[in-house]
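These notes are about the structure you will find just below.
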Amino acid sequence: MKTVKALAGIVMGTIIFAFLYASVHAETTACRTCEGVTAGSPREVRIEYRDGTVRAVCGLRCAGAALAAYRDKRVEKIRVREHGTGNLLDAAKAVWVIDTGTGAFEPFSGRQEAEAFSAARGGRVVNYADMMAAVFSSMGDRVRDMKPRIGVVTGDDIARHPDCLYCGMDRKKFAFSRVLLKYSDGTEVGLCSLHCAGLDLALHPEKQPGQIFAGAYDTGKLLDAEKAVWVLGGSKYGVMSLRGKWAFETRDAAAAFMRDFGGVPSDFGAVMRAAYEDMWEIIR
Ligand SMILES: [Zn+2]
Ligand SMILES: [Zn+2]
């Protein structure tokens with residue numbers, strides 16, 4: 001019996017070791033965030049952490065998602081491949097061309113190269129911080145492309161998802177800011193806030209969002225996020241974020257909130273974009 005147990009231990013140990021080995025080494029072969037593109041591609045972004053580990057991701061949006069989701073990991077350097085030469089550059093020191101009409105963000109080792117590219121192909125020459133702000137601002141765009149409604153939420157979403165998948169916060173306590181994300185494949189994720197919903201959307205570019213629900217600030221009722229009346233900002237602190245983003249069922253309820261706490265009337269696309277912009281403000 002003892003030998004069987006010892007053998008089982010060795011087998012389990014080997015499996016765990018193989019799994020850990022594979023997961024460490026997978027970093028250099030596929031995007032860890034979307035797992036979509038192999039390393040060495042022109043869009044590869046390498047996040048080098050202070051602890052010596054490297055996360056290779058397929059592009060800047062996946063890099064942004066990884067930075068926001070694992071912000072307790074200290075970043076040493078982010079390297080990208082220079083447009084044209086493919087040389088690895090320090091992203092923070094590179095000169096960037098954005099808004100080229102292709103949705104791409106192109107890095108160059110020098111201002112001259114960047115300006116020549118911009119003159120020939122269009123786009124603005126910017127620094128790293130402005131480029132990343134633009135990346136985060138664009139991360140909510142796919143919310144616009146959501147497929148037709150997949151129906152209403154049935155049952156108690158807080159009972160099904162008591163804690164936020166990312167930060168672990170109590171969704172009953174944060175019923176006034178909670179989000180329920182339904183993907184077109186029928187899976188659903190429970191989050192505490194738009195911030196954490198934004199993380200899940202960014203970390204899963206391969207999944208098609210179907211419908212997003214948000215808890216009403218005043219009643220806790222789960223609302224269709226696109227139909228809700230939103231208030232952005234105001235004197236109430238946001239949940240996991242800088243600016244508050246609050247959902248209401250009616251214009252009157254939103255107006256009553258704004259009388260007490262300020263903020264501006266908004267819509268779902270705008271608050272989602274603000275959630276990503278705040279993500280960058282927090283980690284920059
Ligand atoms: Zn990726
Ligand atoms: Zn959360």
Side-chain angles (χ1 to χ4, degrees), residues 23 26-48 53-73 75 78-81 91 103-105 107 132 135-136 138-142 157-158 160-182 188-209 212-215 217 220 222 225 236-247 271-272 274-276 278-279 281-283:
S23 61
E27 283 183 346
T28 55
T29 56
C31 176
R32 276 290 300 271
T33 302
C34 72
E35 295 174 356
V37 174
T38 50
S41 88
R43 300 275 173 229
E44 178 192 6
V45 179
R46 295 170 58 86
I47 306 172
E48 300 174 4
T53 58
V54 175
R55 181 181 289 267
V57 296
C58 71
L60 289 160
R61 288 185 188 88
C62 279
L67 292 175
Y70 312 108
R71 65 187 207 232
D72 51 323
K73 284 198 81 175
V75 175
I78 297 171
R79 289 184 203 273
V80 291
R81 297 205 174 263
F105 300 82
M132 284 301 278
V135 167
F136 272 88
S138 73
M139 278 163 69
D141 289 355
R142 55 195 288 262
D157 71 294
I158 296 178
R160 283 202 300 279
H161 311 283
D163 307 315
C164 176
L165 180 67
Y166 289 94
C167 68
M169 292 207 310
D170 182 348
R171 292 180 71 248
K172 192 172 178 182
K173 208 169 139 194
F174 288 91
F176 63 93
S177 67
R178 79 188 189 283
V179 172
L180 183 73
L181 188 48
K182 274 187 166 269
E188 58 172 48
V189 186
L191 299 316
C192 72
S193 60
L194 275 187
H195 169 91
C196 289
L199 288 181
D200 199 69
L201 287 165
L203 289 169
H204 296 287
E206 80 288 359
K207 289 172 85 175
Q208 180 67 49
I212 301 177
F213 299 89
Y217 176 84
L222 213 51
K236 281 258 165 206
Y237 282 116
V239 176
M240 298 294 288
S241 195
L242 299 172
R243 288 170 285 181
K245 298 159 195 84
W246 313 117
V271 290
M272 204 65 230
Y276 284 109
D278 286 357
M279 252 181 229
E281 285 302 320
I282 292 166
I283 59 172

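Residue indices begin at 1 and follow the sequence shown. Note that the structure is a prediction, hence the values are computed from the model and not measured. Each ligand, and each atom within it, is numbered from 1 in the order the structure gives.
In this structure, the salt bridge (charged side-chain N to carboxylate O under 4.0 Å, His left out) partners of Asp157, at least two apart in sequence or on a different chain, are Arg171, Arg178.
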**Study point:** From CA spacing to verdict: side chain to side chain contact (heavy atoms under 4.5 Å, CB included), Arg55, Lys73
**Key:** CA-CA 11 Å; Arg55 181 181 289 267; Lys73 284 198 81 175; 5.7 Å; no

Practice item. Evaluate side chain to side chain contact (heavy atoms under 4.5 Å, CB included) for Met169 paired with Val239, printing each intermediate quantity in order. Key: CA-CA 10 Å; Met169 292 207 310; Val239 176; 3.6 Å; yes

Practice item. Tell me, with the steps shown, if Met272 and Leu194 meet side chain to side chain contact (heavy atoms under 4.5 Å, CB included). Key: CA-CA 7 Å; Met272 204 65 230; Leu194 275 187; 4.0 Å; yes

Review point. Please walk me through it: do Asp200 and Val179 pass side chain to side chain contact (heavy atoms under 4.5 Å, CB included)?
Key: CA-CA 11 Å; Asp200 199 69; Val179 172; over 6 Å; no

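Protein N/O/S atoms closer than 2.8 Å to the Zn ion (ligand 2): Cys164 SG, Cys167 SG, Cys192 SG, Cys196 SG.
Minimum heavy-atom separation, Ala63 to Val45: CB-CG1, 3.8 Å.
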